[in-house]
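One structure is given below, encoded as structure tokens.
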Number of protein chains: 2
Amino acid sequence: MPEQRTGAVTLTDVAREAGVSLATASRAINGSTRQVGEELRERVLAAAHKLNYAANTQAQAVAKGRTNIVGLLVHDIADPYFSSIATGVIRVAEASQMLVTLANTERNPAREVEHLGALRGQHSRVAILVGSRVSESAEADALRREIAAFERTGGRVVMVSQDLHPADTVALENRAGARELATELVGLGYRHFGILAGPGTLLTAHDRTEGFADGLAASGVDLDQSNVIHGDFTRDGGYTAMVQLLEREAEVDCVFAANDVMAVGAMTACRDHDVDLPRTLGMAGFDDITTLRDISPSLTTVRMPLERAGALALQLALDADPGDPPRVRTLAGEVVIRQSTPPRSP
Amino acid sequence: MPEQRTGAVTLTDVAREAGVSLATASRAINGSTRQVGEELRERVLAAAHKLNYAANTQAQAVAKGRTNIVGLLVHDIADPYFSSIATGVIRVAEASQMLVTLANTERNPAREVEHLGALRGQHSRVAILVGSRVSESAEADALRREIAAFERTGGRVVMVSQDLHPADTVALENRAGARELATELVGLGYRHFGILAGPGTLLTAHDRTEGFADGLAASGVDLDQSNVIHGDFTRDGGYTAMVQLLEREAEVDCVFAANDVMAVGAMTACRDHDVDLPRTLGMAGFDDITTLRDISPSLTTVRMPLERAGALALQLALDADPGDPPRVRTLAGEVVIRQSTPPRSP
DNA sequence: AGTAGAGTGGAAACCGCTTCCATATGGATG
DNA sequence: CATCCATATGGAAGCGGTTTCCACTCTACT
């Protein structure tokens with residue numbers, strides 16, 4: 001019986017069982033450039049299997065100076081936007097034998113910085129930060145410092161959002177998508193728009209709102225700024241903002257919500273207030289989250305390849321050698337017209 | 001300039017900067033039973049802050065023989081059932097300074113075992129396995145072995161599902177909830193039921209289906225077994241099963257789906273086939289996932305405290321000392337009648 | 001004054017693994 | 001047959017921390 005501190009089977013146990021040195025056991029099991037003779041290799045593997053050996057990854061990490069950990073920071077994993085992206089990350093991670101550690105930042109930039117520090121302590125090889133950047137520069141500076149510290153340890157940071165940090169980035173084309181959506185909606189006959197804009201400080205929300213406004217302007221449609229309602233970038237935020245918009249009793253024939261989650265909340269608000277969607281009011285969102293498949297009326301939106309964005313983020317980091325300059329991949333959206341915005345005859 | 005292998009700031013750097021020994025620096029920063037003099041402690045902390053030191057958690061883990069990692073194994077993080085539970089786990093983990101590593105098992109018991117082995121290699125202090133157990137005993141045996149191996153390393157396993165392994169368990173009361181739901185639906189006037197049952201091998205699906213059938217029997221209502229359709233425990237599975245049920249053209253006035261995700265898919269199938277919910281057909285689900293807030297007609301279901309189940313799972317593990325006998329907490333559901341099952345006059 | 005005891009600091013051992021380096025072995029070469 | 005080189009194996013030195021053990025100082029008590 002091997003002496004036990006933790007009760008775990010160690011490589012020493014395996015080596016003893018197989019009657020070889022520690023070094024040989026290590027080489028046989030976890031591979032290396034060095035060759036191990038056929039017979040010994042098999043003896044070691046048999047011993048490992050017999051003892052049900054699982055290598056201590058922490059010890060490996062300390063010895064090798066690097067890990068197979070990818071840290072994933074999302075605003076809220078229960079939000080389908082983030083869980084789709086996470087799915088993409090996880091898929092690639094599994095294929096590359098990497099472990100994913102997950103944290104919710106709850107849309108708080110300070111927590112994001114804090115968690116990134118934790119990932120640095122963990123010596124994560126990759127950190128993926130998903131979600132909109134903010135416009136406040138104090139937060140951005142703190143993040144920039146922490147990114148630098150993280151990369152100094154040999155890790156790679158990837159942002160899935162706006163391209164404004166010196167790190168690999170999967171940029172989602174918010175402005176162009178929103179702009180195109182606006183154009184199409186005008187083409188369908190809508191003229192009087194309300195916007196559920198999300199928080200002004202979130203760049204994603206801001207870009208989408210601006211892109212949409214641009215599109216309207218380019219089509220010669222006026223936007224009444226007082227019909228632009230700010231609120232949280234969440235389902236509840238959408239609900240609340242929609243209620244506010246309804247209370248204004250403004251003449252609006254179509255509402256654009258800066259993301260689908262808000263749009264879905266807004267649709268429920270409409271239902272609760274006996275607004276007949278889509279007859280009296282058009283509605284459009286952004287992202288094409290999977291939830292939409294079961295929402296009725298089906299929601300017009302801009303489809304973003306979310307799962308792909310997550311997968312791409314990790315691939316970007318894994319392909320890079322440490323020290324390589326940051327790379328940026330831009331993913332475009334595609335407007336999808338559905339039942340929630342039937343053609344209007346003005 | 002400290003000599004650099006990885007470029008990371010190490011405790012040695014901090015100690016040198018503060019002019020103290022490694023031991024003192026360790027005691028000052030990461031705490032211990034030992035006291036460190038006020039002046040030295042402050043010098044060390046100042047040095048750590050100045051160098052932006054982040055302790056190498058891998059090295060700590062190796063030295064201490066344990067980690068602050070909780071491994072979370074879910075079937076599919078993009079499924080709101082699992083992401084709600086995950087949210088609960090993450091919340092408690094953050095409060096306890098633990099890191100969460102996440103893996104999707106894709107409803108594959110073999111992958112579950114494999115991942116649990118990986119968590120053992122990671123020396124996770126806690127492993128939380130979320131999701132239905134299966135009835136095949138070969139898989140169950142493999143899992144049992146791996147659980148034993150995991151606990152031998154000092155870790156704690158928690159199941160969120162059925163209580164049939166020697167591990168801490170948060171058991172969700174599927175049978176009673178489904179039974180009560182059946183009773184209430186009969187009370188509302190429904191008599192001819194269809195069931196979208198999920199896979200027969202998944203115990204959760206099985207328990208809910210049986211509980212529901214029990215409830216019908218107790219209320220003196222017959223269930224036509226040919227109206228029990230099996231399918232995947234997913235949104236698509238619900239959609240497909242519902243289509244099959246519709247094609248049978250059986251006389252059914254209410255459908256029970258074994259979980260909400262299936263029910264939501266089934267509702268969409270109904271819409272696509274011009275079935276007028278809830279006028280011509282009642283529909284009920286199970287779980288009360290958050291998505292339901294925005295589904296119309298609102299869905300009758302059995303509310304399970306999912307986020308709480310996740311939180312409880314981790315608490316259970318953290319409260320326990322290694323070697324304590326497994327504890328079981330049972331969480332009951334609560335029937336919630338909504339628009340999808342209006343009263344019927346038979 | 002002498003000594004026990006508490007409190008504080010540093011040296012060194014250790015955690016489990018990888019990897020550098022030295023050594024032994026065998027075959028090819030002269 | 002002696003020499004050289006390539007290669008497999010083992011010994012031992014790290015990796016970055018924690019913790020034990022010991023030395024030392026300072027107080028309190030007889």
Side-chain angles (χ1 to χ4, degrees), chain A residues 2-44 47-48 51 53-68 120-125 153-154, chain B residues 2-44 47-48 51 53-68 120-125 153-154:
Chain A
E3 98 247 40
Q4 312 197 325
R5 195 174 80 125
T6 61
V9 177
T10 75
L11 189 56
T12 309
D13 299 329
V14 175
R16 187 185 317 121
E17 171 82 21
V20 301
S21 75
L22 197 57
T24 302
S26 169
R27 293 193 271 250
I29 292 182
N30 300 313
S32 93
T33 41
R34 313 278 306 139
Q35 285 290 319
V36 166
E38 188 61 28
E39 191 212 324
L40 286 195
R41 142 169 280 115
E42 277 179 13
R43 264 205 345 248
V44 171
L51 299 179
Y53 169 72
N56 182 332
T57 53
Q58 324 280 348
Q60 289 184 313
V62 171
K64 294 206 250 210
R66 65 193 158 72
T67 65
N68 283 307
R120 171 160 60 97
Q122 249 202 149
H123 281 222
S124 290
R125 207 159 83 196
T153 70
Chain B
E3 98 244 44
Q4 313 197 326
R5 196 175 81 127
T6 61
V9 177
T10 77
L11 190 55
T12 309
D13 299 330
V14 175
R16 188 187 314 121
E17 172 81 21
V20 300
S21 76
L22 198 57
T24 301
S26 169
R27 293 195 269 248
I29 292 182
N30 300 313
S32 91
T33 42
R34 288 283 303 268
Q35 285 289 323
V36 168
E38 187 61 26
E39 193 211 323
L40 286 194
R41 140 170 281 116
E42 277 180 12
R43 245 172 43 213
V44 171
L51 300 178
Y53 170 71
N56 182 332
T57 55
Q58 326 278 345
Q60 291 183 314
V62 171
K64 296 208 252 211
R66 63 192 160 72
T67 64
N68 282 306
R120 171 160 61 96
Q122 250 202 145
H123 281 224
S124 290
R125 208 159 83 196
T153 69

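By convention in this document, chain letters (A, B, ...) are assigned in the order of the sequence lines, proteins followed by strands, and residues within each chain are numbered from 1. Bear in mind the structure is a predicted one, so any value in this text is a computation, not a measurement.
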Minimum heavy-atom distance between A47(B) and E17(B), given as atom pair plus value: CB-CG, 3.5 Å
Determine which pairs satisfy salt bridge (charged side-chain N to carboxylate O under 4.0 Å, His left out) with at least one residue from residues 25-38 of chain B, sequence neighbours left out, and list them in order. none
Return the value, rounded to whole Å, for the distance between atom CZ of R34(B) and atom C1' of dG9(C). 7 Å
Under the rule for salt bridge (Lys or Arg N to Asp or Glu O under 4.0 Å), what residues qualify as partners of E39(B), not counting sequence neighbours? R43(B)
The side chain of Q35(B) lies closest to which of these nucleotides: dT19(C), dG14(D), dT8(C)? dT8(C)
Between CZ of R27(B) and C1' of dA11(C) the distance, given in whole Å, is 11 Å
Between I29(B) and A48(B), which heavy-atom pair has the shortest distance, and what is it? CD1-CB, 3.8 Å
Separation of dG11(D) atom P from L11(A) atom CG, nearest Å, is 14 Å
Find the distance R41(A):CZ to dT7(D):P and express it as a whole number of Å. 16 Å
Considering only side-chain heavy atoms of T10(B), which listed nucleotide, dG16(D), dG11(D), dA12(C), is closest? dG16(D)
Which nucleotide, dG17(D), dT19(D), dC17(C), lies nearest any side-chain atom of K64(B)? dT19(D)
L51(A) to V9(A) - nearest heavy-atom pair and separation: O-CG2, 3.4 Å
On DNA chain D, compare the nucleotides closest to L22(A) and E38(A); which residue's is nearer the 5' end? E38(A)
Starting from P on dT18(C), measure out to CD on Q58(A) and report it in whole angstrom. 13 Å
Separation of dG16(C) atom P from D13(A) atom CG, nearest Å, is 9 Å
Can you tell me how far C1' of dG16(D) sits from CG of N30(B), to the nearest Å? 11 Å
Rounded off to whole Å, could you give me the CG-to-C1' distance for the L40(B) and dG10(C) pair? 11 Å
Does S26(B) make a side-chain N or O approach to OP1 or OP2 of dT18(D) shorter than 4.0 Å? yes
Please determine whether a side-chain nitrogen or oxygen atom of T24(B) lies at a distance below 4.0 Å from atom OP1 or OP2 of dG9(C). no
Of the options dG11(D), dG16(D), dT19(D), whose atoms approach the side-chain atoms of A23(B) most closely? dT19(D)
Can you find a side chain N or O atom of Y53(A) that sits less than 4.0 Å from OP1 or OP2 on dC17(C)? yes
